[in-house]
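These notes concern the structure reproduced below.
The structure presented is a predicted model; accordingly, all values stated were derived computationally and were not measured.
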Amino acid sequence: MSKLTEAEAEAAFAKIDADGSGEIRLRELRDYDDTDGVLDGVKLADFVRAADTDGDRRITLAEFKSFFA
C-alpha cells in the first residue's frame, strides 16, 4: 500500500464512492475497477476493518484519508 497525497486520496474516494453518498461500502469496493492501482495489494476486508474506525462498516472520506494519506 502506498501513501497518497490528500488530493489523490480525495480523487480515489470519489471514484470508489459510486453512488455519491459520501461513504464507501464494501459493495462499492468490490465493484471498483482499480485500474489506477490505489488498492493494489490491499485485502478489502482488512482495509474495511482497519479504516472503519467507528465500526459502522462504511468508510467516510476522513477515514479513507487517514488510512491512505
Side-chain angles (χ1 to χ4, degrees):
M1 175 191 72
S2 61
K3 292 293 183 184
L4 304 175
T5 66
E6 190 166 326
E8 290 170 332
E10 289 171 0
F13 182 90
K15 286 181 185 176
I16 299 168
D17 182 21
D19 64 4
S21 67
E23 299 174 321
I24 296 173
R25 298 174 188 270
L26 187 55
R27 169 183 38 82
E28 288 173 307
L29 284 169
R30 284 189 200 123
D31 293 345
Y32 174 61
D33 180 16
D34 192 25
T35 54
D36 51 5
V38 172
L39 299 175
D40 273 355
V42 175
K43 291 185 180 179
L44 297 183
D46 292 342
F47 165 65
V48 171
R49 254 190 307 282
D52 180 22
T53 58
D54 62 7
D56 66 357
R57 298 172 60 164
R58 290 172 270 175
I59 310 298
T60 64
L61 177 57
E63 290 170 327
F64 190 87
K65 288 191 325 189
S66 290
F67 187 84
F68 282 107

When F64 is tested against each of I59, D17, D52 for side chain to side chain contact (heavy atoms under 4.5 Å, CB included), which residue passes?
->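 The residue from I59, D17, D52 that satisfies side chain to side chain contact (heavy atoms under 4.5 Å, CB included) with F64 turns out to be I59.
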F68 and F47 aromatic centres sub-6.0 Å =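 Yes, the ring centres sit under 6.0 Å apart.
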Spacing of [X] atom [atom1] and [Y] atom [atom2] [to the nearest 0.5 Å]:
{"X": "S21", "Y": "R58", "atom1": "OG", "atom2": "CZ", "answer": "8.5 Å"}
{"X": "R57", "Y": "L26", "atom1": "CZ", "atom2": "CG", "answer": "7.5 Å"}
{"X": "I16", "Y": "D31", "atom1": "CD1", "atom2": "CG", "answer": "11.5 Å"}
{"X": "L44", "Y": "L29", "atom1": "CG", "atom2": "CG", "answer": "5.5 Å"}
{"X": "D54", "Y": "E63", "atom1": "CG", "atom2": "CD", "answer": "4.5 Å"}

Do you know the tightest heavy-atom contact between F13 and G22?
-> CZ-O, 3.4 Å
Can you see which heavy atom on K65 is nearest to which on A9, and at what distance?
->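 Nearest pair, atom of K65 first, then A9: CG-CB, 3.8 Å.
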